[in-house]
Amino acid sequence: MGVVTVGELKTSISGKRSFRPSSTIRHAATEWPISDVSSDVTIEIGASSFALHKFPLVSRSGRIRRLLIEAKDATISRMNLSLIPGGPEAFELAAKFCYGINIEITLSNVAMLRCAAHFLEMTEEFVQKNLEARTEAYLKDTVLPNISNSISVLHRCECLSPVSEEINLVNRLINAIANNACKEQLASGLLKLDHNFPMKTMPNIEPETPSDWWGKSLSVLNLEFFQRVLTAVKSKGLKQDMISKILINYTHNSLQGLVIRDPHIVRGSLLDMELQKKQRVIVEAMVSLLPTQSRRSSVPMAFLSSLLKTAIASSASTSCRSDLERRIGLLLDQAILEDILIPANSYGNNHGTMYDTESILRIFSIFLNLGEDDDEDNRMRDESEMAYDFDSPGSPKQSSILKVSKLLDTYLAEIALDTNLLPSKFIALAELLPDHARIISDGLYRAVDIFLKVHPNIKDSERYRLCKTIDCQKLSQEACSHAAQNERLPVQMAVQVLYFEQIRLRNAMNGGHNQFFFGTINSQFPQRSSSGAGSGAISPRDNYASVRRENRELKLEVARMRMRLTDLEKDHVSMKQELDQ
């Protein structure tokens, strides 16, 4: 036990005699100007004790005075104050203050001193400008008006509970942060108005100064205090984009140290489970603080995706994962492939799939089922604008669904490489989009072909159902040529492809280029002439020669197709006979 006892006495510069502690926890250059009288009370705090005098202490501390009065033994010489907030460090500063030593109040000790003053009851009742009043003045003048200072002091309060809560210091700091943040936001908005309206023509106006500079310092707070601060700033009206930036920064800093980088750490070990638990707590808290779900949400898709990946990896609650899936579904037309490649939580299963296809199936379903009630922004629109026609090329819904269809086809091509992926999972995703969602089926055909190549032993019924998802009428000529010679496809599909290819060639020979299959594409994207000259720029003779040459090539192609079709029909008949036997 380190004991601060009476040490050497020496004459100070002022001529007064002073006391220098001579214990094992001696503090250099610490001189207490007390009398030559030996200490009459020892204050014990944890493993440390302080040999002091009753009179200076009782003159400023109501608690010590009361304890001495209530003691049955008037000659009590030892007192335990281990519950004092801030421990020995706080008491030493408070004791110095009782002895009249001028202590420096700083951002790092003001919370501790304020709580210690409350615990020791160092109020104005005993002496003017007591420690409680001194710390309150510092809080009002230096801490509460400044966001960064308030955050710094709030961080110090984390280890001062419950006293910091009892004196309402935590709530005062949180309210100060919220009020100052919103004042700063308002000032920034007024500055922007001054720049945009009176001086609109000035070219060198600096863009809006970012007002989230203080948001980064919130990362020092523990999760509970951070949640309380963010709830407060949201209630005061802080903008959602600012809230999103603060959340992203805090989540990044909180999860950064929880990622297991050591490959030797065993899954399911105590360390692994502890890290998962910390990740789960952080992710669930961050999701609960996200701004309101909306199609115009300020939360970036990449952030939502990373939250969902962590939620699945850490086995977060179903409600947490569902919330994230819905948010991603609302913004799915803004996603890229990396955002939806969600690794599966294959804990305990060495033969699990690489990606969580169930989650992606729900996300795409959410997007496809969006309606008026799902998007609060739609309430601001006229009913006539709400009734979008999916087949209308210019409708926002159609534009979004085309992006999503390309995204899904790319995703299917990626997961098709997973040898453990069940055909039923792949088929469920392939069948998800409605017919009007794809203008061209080349992407889906490519994904199906990859799946068949990686999974050569699937059942014929599954192979047939898988290929049935492809609309042969929407395949390009290149894809049709490939499909007609693709031995991995069922005979029925190859016949269907050749049939539609024949119709395409017949229409082309009759002058109706691609009208049967791609009339909708041509109407959406009319071909523009490369020059200002009209069709009359080509002479009739050259035009006639060109048409004849194309017709000869088309006839040869048709002949080859017919021969291929005949061979396939023979194979189909022989297979049918074998099945009947």
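What you are looking at is a predicted structure, and each value in this text was computed from that prediction instead of being measured.
Counting heavy atoms from C-beta outward, Glu184 and Ile147 have side chains that approach closer than 4.5 Å. Using a 4.5 Å heavy-atom threshold, the side chains of Asn249 and His252 count as separate. Between Val233 and Met242 there is no side-chain heavy-atom pair separated by less than 4.5 Å. By the 4.5 Å heavy-atom criterion applied to side chains, Ile340 and Leu332 are counted as neighbours. Proximity of Pro423 to Leu466: side-chain heavy atoms (C-beta onward) are nowhere separated by under 4.5 Å. Residues Asp339 and Leu304 are not in side-chain contact: their nearest non-hydrogen atoms beyond the backbone lie 4.5 Å or more apart. Side-chain contact between Met354 and Asn420: absent, with no pair of heavy atoms (C-beta onward) separated by less than 4.5 Å. Proximity of Leu308 to Ile363: side-chain heavy atoms (C-beta onward) are separated by under 4.5 Å at one or more points.
One finds the CE atom of Met286 at 6.0 Å from the CG atom of Leu247 (value rounded to the nearest 0.5 Å). In this structure, CG in Leu230 is found 11.0 Å from CD1 in Ile174, a value given to the nearest 0.5 Å. To the nearest 0.5 Å, atoms CZ (Arg326) and CD (Gln293) are separated by 5.5 Å. Atom NZ of Lys406 sits about 8.0 Å away from atom CD1 of Ile440, to the nearest 0.5 Å. Distance CD1/Ile360 to CG/Leu407: 8.5 Å, rounded to 0.5 Å. Here the CG-OG distance, from Leu324 to Ser359, works out to 9.0 Å after rounding to the nearest 0.5 Å.
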Ignoring hydrogens and angles, write down the donor-acceptor pairs under 3.5 Å from the side chains of residues 444-456, residues two or more places apart or on other chains.
residue	atom	partner	partner atom	Å
Tyr445	OH	His482	ND1	2.6
Tyr445	OH	Ala483	N	3.4
Tyr445	OH	Asn486	ND2	3.1
Asp449	OD1	Asn486	ND2	2.8
Asp449	OD1	Arg488	NE	3.0
Asp449	OD1	Arg488	NH2	3.1
Asp449	OD2	Arg488	NH2	3.2
His455	ND1	Phe451	O	2.9
His455	NE2	Asp418	O	2.9
His455	NE2	Leu421	O	3.4

* To do: Could you give me the CA-CA distance, side-chain angles and deciding distance for Lys425 and Ile415, then say whether side-chain contact (heavy atoms from CB on, under 4.5 Å) is met?
  => CA-CA 10 Å; Lys425 304 282 188 181; Ile415 65 171; over 6 Å; no

* Kindly determine whether His436 and Ile401 satisfy side-chain contact (heavy atoms from CB on, under 4.5 Å), including the steps that lead there. => CA-CA 9 Å; His436 55 258; Ile401 205 169; 4.2 Å; yes

* To do: Would you please test Thr318 and Arg321 for side-chain contact (heavy atoms from CB on, under 4.5 Å) and show each step?
  => CA-CA 5 Å; Thr318 303; Arg321 296 197 302 269; 3.7 Å; yes

* Asked: Under the side-chain contact (heavy atoms from CB on, under 4.5 Å) criterion, do Ile328 and Met301 qualify, and how do the steps go?
  -> CA-CA 7 Å; Ile328 294 174; Met301 170 62 72; 3.8 Å; yes

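In plain terms, the two heavy atoms of Gly329 and Ile366 that are nearest each other are CA-CG2, 4.0 Å. Heavy atoms only, all atoms of each residue included: Ser405 and Ala437 are closest at OG-O, 3.1 Å. Residue Leu330 comes nearest to Leu370 through the heavy atom pair CD2-CD2, 3.3 Å, listed as atom of the first residue, atom of the second, then distance. For Lys309 against Glu338, the heavy-atom pair with the smallest separation is NZ-O, 3.2 Å. Smallest separation of non-hydrogen atoms from Lys236 and Cys182: CB-SG, 3.3 Å. In terms of heavy atoms, Pro343 sits closest to Ile312 at O-CG2, 3.9 Å.
In terms of modelled atom types and a separation under 3.5 Å, the side chain of Glu414 and the main chain of Leu341 share no donor-acceptor contact. Under the 3.5 Å distance criterion, the side-chain polar atoms of Glu284 are left unmatched by any main-chain donor or acceptor of Cys320. Put simply, the side chain of Ser152 never gets that close to the backbone of Ser148: no donor and acceptor are under 3.5 Å apart. Of the possible donor and acceptor atoms, none in the side chain of Thr251 sits under 3.5 Å from a partner among the backbone N and O of Ile248.
Enclosure of atom NZ in Lys468 is not indicated, since only 12 or fewer non-hydrogen atoms of other residues, nucleotides or ligands lie within 6.0 angstrom.
The ring pair (Phe, Tyr, Trp, His ring centres under 6.0 Å) contacts involving residues 219-241 comprise Phe226-Tyr250, where partners must be two or more places apart or lie in separate chains.
A side-chain N or O of Ser476 and one of Asp442 form a donor-acceptor pair less than 3.5 Å apart.
Remark: Gln240 pairs with Pro291, Thr292, Ser298 by the side chain to side chain contact (heavy atoms under 4.5 Å, CB included) rule, at least two apart or across chains.
A salt bridge does not link Lys245 to Asp241: none of the charged nitrogens lies less than 4.0 Å from a carboxylate oxygen.
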